[in-house]
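To find a chain, count down the sequence lines: A is the first, B the second, and so on, and within it residues start at 1.
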Amino acid sequence: MTTSTPERETPGTPERETPGTPARETTDSATSRLTGQSRSLLAGPDRGRVNRNALRGRPRLYTSYAGDSALLNTPAKRWWTLAVILLALVLPFWLTRDLSHLLSVAMVMAIAGIGLNLLTGYAGQISLGHPFFMALGAYTGAVVAGEPGSIVIGWELDLGIALVLAAVVPGLVGLVVAPLATRVRGLYLAVLTLGLLMLGEQVFKQWASVTGGSGVGRAGALPVLFGNDLEQTYAVGPLLIEPHVSLYLLCLVLLVALAVAARNLARSRTGRAFAAVRDRDIAAEIMGVNLLRTKTLAFVLSSAYAGVAGCLYAILIGRVAPEQWNILFAINLLAIVVIGGVATISGTLIGAAFVVLLPRLLEWLAPWLPFVSTGSGGLITIFQLESILFGALIVLFLILEPRGLFGLWHRIRTYFTTWPFSY
Amino acid sequence: MSAPLLRAEGVSLRFGGNVALDDVSFEVRPGELFAIIGPNGAGKTSTFNCISGVYRPQAGEITFREESVLGQRPDRIASRGIARTFQNIELFDNLTVLENLLLGRHHVMRAPWWKAMAWLPGTSREEYAARLEIEYLIEFLDLTAVRRHPVGILPYGIKKRIELGRALAMQPELLLLDEPVAGMNAEETEDMARFILDIRSELGLAMIMVEHDMRLVMDLADRVMVIDFGRRIALGTPQEVQRDPAVIAAYLGGATDDVLESVREELS
Ligand SMILES: Nc1ncnc2c1ncn2[C@@H]1O[C@H](COP(=O)(O)OP(=O)(O)OP(=O)(O)O)[C@@H](O)[C@H]1O
Ligand SMILES: [Mg+2]
C-alpha cells in the first residue's frame, strides 16, 4: 500500500461565502493555507523589500514581484535600452536626410508590425488584411488633417486629432469585422482577411473624394502638430530641427509609446489570455477566458495600431494610391513579424529595421554582386533578389527559428553566457 | 444533510448514433470527494465536458449551486467556481509555469486592457496580488525550480502537477480531476494522492475524480459512481461499489468465478 491512508473525516462545510458576492476578494488568501506561509513579510509598508545593503553586488536577485516582472528586469536590458534610445535620438541629426527618412519608415512599419504581432503572434490569428487597416488610418488622417484638393476632401485639422482618429476609425471598423473574423481560424481567417483586403482595394479605388481615386492617390495628413508646423525648421538652443528630423522624432515617440503599451499588455491578464487562446482555445475557455471578447480585442487593437502606422506612413511617403495596400504589403508585414520573431515586441523592431533597410543594403552591395544587374547584364534585378531573399528568410525562420531574429539572438546570448556548457 | 453542490439529472449525450451518456444522474455534496470510474469509453470525460460546458447534453439537467449550467459558456461556468484538469494535458505550452498558473486567476482579475497598456497602479497591484497567490501554489506543488520554464519542455508528471495548480489557482468550489495519476509511477502517484488529500483538508473543496487507479479511488473517495457504456451501473461508498456484481461484470465481462474471486481480493 503506497498511498497514505486518508483521514476519513466528514467533509467540512465549504469555506466559501454565498455566490455572486465579492467574496472571492476576501478569500484570496485561500491558497496560502496550503503552505501555511506567513504574510507578515508582505504586509508592511515595504512589502517584502530587502534591505538595499544586502543587495549590493547581487543585481540579479529579485526582491519584489514588481522588480521581477518589470519590463526591463535586468541591468543589462536597462543599459541596452537606454543606449538604443540615446542613439535613436542622436541619429537623425547625424544621418543624411534620406537615411533618417528611411529610418522613420522603418519605425512606422514597426508600429504596424507590433499591431500585427499582437493579433498574429500573441493571439494566434493570422491576418493578411493589415494593409487595409493601415489604409483606413492613412485616409482618416488625410481627410481629417489633409489639404483639400480638386477632388479630395480635407479638413486641415491638427495632426494630434488626426492621429487619434486614425486609431479610432480602423479600430471601429475592426470591431465591425471582428464577429466574422473571430468565427474562423487558421487558413480560413487568412482567406477571409485577404478578401477584406481585396474588397477594400475596390472601395478605395472608387471612393475618389477620400482616396484620390485609382492611380492618382492623395497626399497624407499635413504635419501640423499641436499648432506647430513640422514643415518648418525649428531652433532649440543650438540644435536645428529640420522637417525630416521632427517627423523622425514624432515617429520615434509614437513607436516607443506604442511598443511599451504593447509590452505592458503582453505581460498582463489580457496578454496571457491572448496567448492562451493561441495555444489552446478550448482549454482557455474552460479557464475562464472569454474567447469572443479576447479575439475581438486583439483584432481591434491590431487594427488601431495599423491605423496609426498608416497615417504616419502616408505623411512620410507623401502620396498614397489605393493600389499600394495590396497583398505584397501584407506579406512584407508578415515578414516583419516572422523574421523579427513571433510574440516578441523587441523582435518586431528588429524585423521592421531588417525588412525596410535590407533593400537599401542590397542596393549598396549590388555593384559587388556579379549576378545582380544594376542596369544591364547580370542574372536578376535587385528587386528580384529582394523578393527571393525575403521569401527564403520567411521559410527559413518559420522552419528553423520560429522566434525569429530575436530567438536567434537569444540563442547566441545563452550560448555565450553558459559556455562551455551546452545548456 | 446540506444541499448538493452539483446535481446531474437524467443527462443524456449522443454523438450521432453513438450514445456517450444515457440518463446519468448523481449529486456531489459540498466538500465531498466523488469518484467516477468505468471502462474506457464509458463516458467519464464526456460527463466532465457536460459539466464544464464543452458539450451540451441532449436531455437532462445539470445544476451547480441550484442554478443550471446548461447553455452557459465554459468561461462563465469557470467563473462560477468549477475548475478542471484534463485527461490529455491541456497546458499552454509556450507559456511559463508562472504564466500558466496566473491564467487560473484570469476570471478573478478585473484590470481592463487599456489600464494594462499604461500599467496603471490598479493593474500592477492586481498582478502582484495574483502573483503572490500563485507563489503559494508553486511552493505547495513543489514547482519552485521550474517556475520560469515554458511548460512545453517539462516532463509529464510535472505537467500534471501544473495542471492541478492551474485549476487550484482558479479557487474553485468544485474541482474536476480527469485521471490525475494516469501514466504516473508509484512515487508520483503517491505525491499526487497527498496533494489531493491536502487540498481536501486545507481548502475543503468538493472534487470529482475520474481515475482508473482503483486503489487510489477506493482509498480517497467518499462515494463512487460506476458508469459503463454511458449508463450508471452503481453508485455508493467504495465498499458498496466493489461488492456490486454489476460492477465486477462490467470490468471483467464474462470472467470465471475464480478470476472474480481474485479480483475481489485484490480490490478489498
Ligand atoms: N467529440 C466526440 N465526438 C464523437 N464521439 C465522442 C466525442 N467525445 C466522446 N465521444 C464518444 O463518447 C464515448 C465516451 O467517451 P469518453 O471520452 O467520455 O470516455 P471515457 O470514459 O473518458 O474513456 P477513457 O477512460 O478512455 O478516457 C466514446 O464512445 C467516445 O467515442
Ligand atoms: Mg476520458
When rounded to the nearest 0.5 angstrom, what is the spacing between OG in B/Ser79 and CE in A/Met287? 12.0 Å
Identify which of A/Leu301, A/Leu291, A/Ile286, A/Thr270 forms the greatest number of heavy-atom pairs closer than 4.5 Å to chain B. A/Ile286
Once you round to the nearest 0.5 Å, how far does NE2 of B/His106 lie from CZ of A/Arg269? 4.0 Å
Roughly how far apart are A/Arg272 CZ and B/Leu102 CG, rounded to 0.5 Å? 4.5 Å
Select one option (side chain, backbone, both, neither) describing which atoms of B/Ile89 are under 4.5 Å from chain A's heavy atoms. backbone
Should we count CD of B/Glu67 as having more than 12 external heavy atoms under 6.0 Å? yes
Do any N or O atoms from the side chain of B/Asp75 and from the backbone of A/Gly288 form a donor-acceptor pair under 3.5 angstrom? no
Cation over ring face, A/Arg293 and B/Trp113, 6.0 Å, 45°: no
Checking heavy atoms, do the side chain of B/Phe195, its backbone, both or neither come under 4.5 Å from chain A? neither
Select one option (side chain, backbone, both, neither) describing which atoms of B/Ala83 are under 4.5 Å from chain A's heavy atoms. neither
Residue-level interface, residues 276-285 of chain A with chain B, non-hydrogen cut-off under 4.5 Å: A/Ala276, A/Arg278, A/Asp279, A/Arg280, A/Ile282, A/Ala283, A/Ala284, A/Glu285
Against chain A, label B/Leu91 side chain, backbone, both or neither, depending on which of its atoms sit under 4.5 Å from a heavy atom there. backbone
Chain A heavy atoms under 4.5 Å from B/Arg166: which part of the residue, side chain, backbone, both or neither? both
Can a donor-acceptor pair be found, under 3.5 Å and without considering hydrogens, that links the side chain of B/Glu127 to the backbone of A/Ser268? no
Could you give the distance from CE (B/Met117) to CG (A/Asn264), rounded to the nearest 0.5 Å? 8.5 Å
Counting only heavy atoms closer than 4.5 Å, note whether B/Leu95 contacts chain A via side chain, backbone, both or neither. both
Whether over 12 other heavy atoms sit under 6.0 Å from B/Lys159 NZ: yes
